[in-house]
Amino acid sequence: LVQQGRRLLHQAGQRARRQLEPNPPWQLATRGVMALIGYGALWLTTRGQHPYMYPTAAAAPAGILVGAINVTVVTVTAKRANAGVSGRSRLRPAEIAIITTVMAVVFAVMGVLAGLGVSDSLVWGIYPAAVPLIAGGLTSAGVMAARGNRRQAGTALAIAAVGVAAPFAGPAGAWLVAAVGVSAVMLVSAVIVARQHWA
């Protein structure tokens, strides 16, 4: 009877962890596929440009669709995972402000570079494909490390590493590196979370 009670308690704990996981495997896998589609669409509109100019408007519908799906998936999952939950499992306002400020600065600098007449290959290719991944990844890694979440900190560092690698592929190739790299990081993270849930 005691052993049966332990088994039931263990199963209930596993079920609760799966339901409260802020980044469940299906969400990570979905985001991986969306990264492949979104960044891939940007790459498809830039490959073969000589000289490089920028992603064309043909990528806009894919970007809008991917963005809308991502926001919806994250919002719905976060609401369910955080329902009635407080404390360290939720991002604090200061942490949200830090991440938001860093990303706002990244895109403000991009605008300044464009205004200064810096080359299109840097302003519309290498910079937007790499710098948001590096800045966002490092900032998120710092926040997650401070919260003691090693798995999410590792995922964020891996995203930053994709950003570091992207410029080596050139302005058009950077989008392809981002597509494959971010997608791979999300899919590997999904597998890790799924294995932890069923371990």
Side-chain angles (χ1 to χ4, degrees), residues 17 19-36 38-39 42 63-64 66-116 118 122-167 174-175 177-179 181-190 192-193 196:
R17 278 193 298 277
Q19 290 173 347
L20 293 174
E21 169 65 52
N23 295 297
W26 69 267
Q27 184 191 95
L28 293 168
T30 301
R31 291 172 80 183
V33 170
M34 289 189 297
L36 190 62
Y39 283 117
L42 291 167
I64 291 168
V66 165
I69 292 170
N70 188 42
V71 167
T72 302
V73 167
V74 170
T75 302
V76 168
T77 306
K79 278 185 181 177
R80 191 182 75 191
N82 291 323
V85 177
S86 61
R88 291 184 57 82
S89 61
R90 300 184 90 161
L91 282 177
R92 296 181 193 97
E95 294 167 335
I96 294 169
I98 289 168
I99 294 168
T100 303
T101 301
V102 167
M103 296 313 291
V105 168
V106 164
F107 288 104
V109 169
M110 183 176 159
V112 169
L113 292 175
L116 292 173
V118 175
L122 180 64
V123 175
W124 305 112
I126 291 171
Y127 187 95
V131 176
L133 296 178
I134 296 168
L138 291 177
T139 305
S140 295
V143 168
M144 289 301 132
R147 295 168 64 82
N149 190 328
R150 292 188 306 171
R151 182 180 54 77
Q152 287 189 359
T155 298
L157 283 176
I159 294 290
V162 171
V164 170
W175 296 111
V177 170
V182 172
S183 180
V185 169
M186 291 291 104
L187 293 174
V188 167
S189 187
I192 291 169
V193 172
Q196 287 175 344

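Everything numeric in this text was worked out from a predicted model, so none of it was measured.
Taking every heavy atom of both residues into account, A135 and V106 meet most closely at CB-CG2, 3.5 Å. Among all heavy-atom pairs drawn from A179 and L36, the shortest one is O-CD1, 3.8 Å. Taking every heavy atom of both residues into account, A174 and A129 meet most closely at CB-CB, 3.7 Å. Nearest approach of A166 to A130, heavy atoms of both residues: CB-CB, 4.2 Å. The heavy-atom pair separating R151 from I192 by the smallest distance is CD-CG2, 4.1 Å. P128 and G125 get closest at one heavy-atom pair: CD-O, 3.4 Å.
The closest donor-acceptor contact from the side chain of S183 to the backbone of G32 lies under 3.5 Å. No donor-acceptor pair closer than 3.5 Å links the side chain of S189 to the backbone N or O of V185.
Contact check for P132 versus M103: side-chain heavy atoms found under the 4.5 Å cut-off. Within the 4.5 Å cutoff, the side chain of Y39 has heavy atoms near those of the L133 side chain.
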Let's go through V164 and I134 carefully: what are the C-alpha distance in whole Å and the side-chain angles of both, what is the deciding distance for side-chain contact (heavy atoms from CB on, under 4.5 Å) to 0.1 Å, and is it a yes or a no? CA-CA 7 Å; V164 170; I134 296 168; 4.0 Å; yes
Run the side-chain contact (heavy atoms from CB on, under 4.5 Å) test on Y127 and V109 for me, step by step, so that the C-alpha distance in whole Å, both residues' side-chain angles and the decisive distance to 0.1 Å come before the verdict. CA-CA 10 Å; Y127 187 95; V109 169; 3.4 Å; yes
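With rounding to the nearest 0.5 angstrom, the CG atom of L42 is 12.5 Å from the CH2 atom of W124. We find the OG1-CE distance between T155 and M144 to be 10.0 Å, quoted to the nearest 0.5 Å. Taking OG1 of T139 as the start and CD1 of I98 as the end, the distance is 8.5 Å to the nearest 0.5 Å. Between the CG atom of L138 and the CD1 atom of I159 there is a distance of 11.5 Å, given to the nearest 0.5 Å.
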